[in-house]
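Here the structure is laid out as structure tokens; the discussion comes afterwards.
As the structure lists them, so they are numbered: ligands from 1, and atoms in each ligand from 1. In what follows, residues are counted from 1 in the order of the sequence shown.
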Amino acid sequence: MSHELGRLEDLPQDYRDDLIKLNLVPLWPSLRAVLPPKVPTRKTRPTFWSYQSLRPLLLRAGELTPMEKAERRVLVLANPGHGLEKMQASAAMYLGMQLLLPGEWAPSHRHTPNAVRMIVEGEGAYTTVDGEKCPMHRGDLILTPTGLWHEHGHDGTEPVVWLDVLDLPLVYYTETSYAIEGQRQPVKPGHGEQAYRSGGVMPTPVFERSNKAYPMLRYPWVDARAALVALAADRPEQEAVQVSYVNPETGQDAQNILGFYALMLRPGQTLRLPARSPAMVFHQIEGRAEARIEDSTFTLNEADTCCAPGYTAVTLRNLSSEQPAFLFIADETPLHQKLGVFENRG
Ligand code: GTQ
């Protein structure tokens, strides 16, 4: 039973003053706030970011702020429920749209938060991660896991934009967030996405499996898309056509804290995703979809992004009856599983 508990005001002022002097706090006036009944309090609000609306402002940042003054030229997609200044999309997720102009270079650094990039537009840019030069094409997912050197360069002729997804809010909250600046990285030969090109076979030179923590850094969209299309054709009875981005050596999530997925909605399809504890981010790679999250209904055109709080069912609908729609999803599942708080409430 959730009966009324004593309030702070019920306590005599001299007693409250004595507590404060000794850095003590009575629990009971705040007990329900920190342990609310049945459903957690979530600051994360359903929030939508239109690419068409933010794009001119991001390009303007390219005129206003040179690379030397930015290091990373990013507009952060901030959830107003957390307060914009907190720069978080959810409790654990940070989102940013990053712009790199032709000829620019974002200098090498490494940091404790894990990052991924989902490429949104433009050709000719690359990111070098741990010495591996990863070309950026629309829809590609590129990992920059914790502690690995990374820098971004651009040999093309048009602006390049990508979506950054980091676990920065969580790492910052745990007082473990820091970065180290470095030198331009020498590029080493070999690409993880070539070594792990085919599912079910692994590179095993002289019978040895890779001992790298992150053997695959770039997940080309052509391959993820082809996997979804093949899955949809092979399993017409299966409702959700979804793949997870995994570490090909372990089969576990590609990174430790956030989970990454690609989803295909068949033409005209409506798909209900269950209410699970992790917050989710949806980014439209191809086609148009509608996302219903609590009382909000968002229309996702190409390159639009939205987020949903945890413990909330989300209904996605493909707005085309002729073409499939493709979405990139990021969520907090690996974190919740590791913490032992993961729930699927259906
Ligand atoms: O590209 O390394 O959006 O360090 C935030 C922090 C991007 C990056 C962000 C970063 C980066």
ask   = In ligand 1, which numbered atoms sit nearer than 4.0 Å to a non-hydrogen atom of Val74?
value = 3 (O)
query = Considering only heavy atoms of Gln98, which atoms of ligand 1 have at least one such atom less than 4.0 Å away?
reply = 1 (O), 7 (C)
Starting from [atom], locate the nearest protein heavy atom and write down its residue, its atom name and how far away it is, to 0.1 Å.
atom: atom 5 (C) of ligand 1; answer: Tyr94 OH, 3.4 Å
atom: atom 7 (C) of ligand 1; answer: Asp164 OD2, 3.3 Å
atom: atom 8 (C) of ligand 1; answer: Arg72 NE, 2.9 Å
atom: atom 1 (O) of ligand 1; answer: His152 NE2, 2.8 Å
atom: atom 6 (C) of ligand 1; answer: Leu166 CD2, 4.0 Å

query = Do Arg55 and Glu121 sit within salt-bridge range, that is, some charged N less than 4.0 Å from a carboxylate O?
reply = yes
ask   = Going by an N to O cut-off under 4.0 Å, is there a salt bridge joining Glu286 and Arg225?
value = yes
remark   = Partner of Leu258 under side chain to side chain contact (heavy atoms under 4.5 Å, CB included), picked from Asp167, Leu166, Val116, is Asp167
Option from Leu271, Val241, Leu228, Val243 for which side chain to side chain contact (heavy atoms under 4.5 Å, CB included) with Leu263 holds = Leu271
message = Heavy-atom contact check, 4.0 Å cutoff: does Glu71 meet ligand 1?
response = no
query = Does Leu143 belong to the same Ile/Leu/Val/Met/Phe/Trp/Tyr cluster as Tyr261, with side-chain heavy atoms less than 4.5 Å apart forming each link?
reply = no
query = With a 6.0 Å cut-off on ring centres, are His152 and His154 close enough?
reply = no
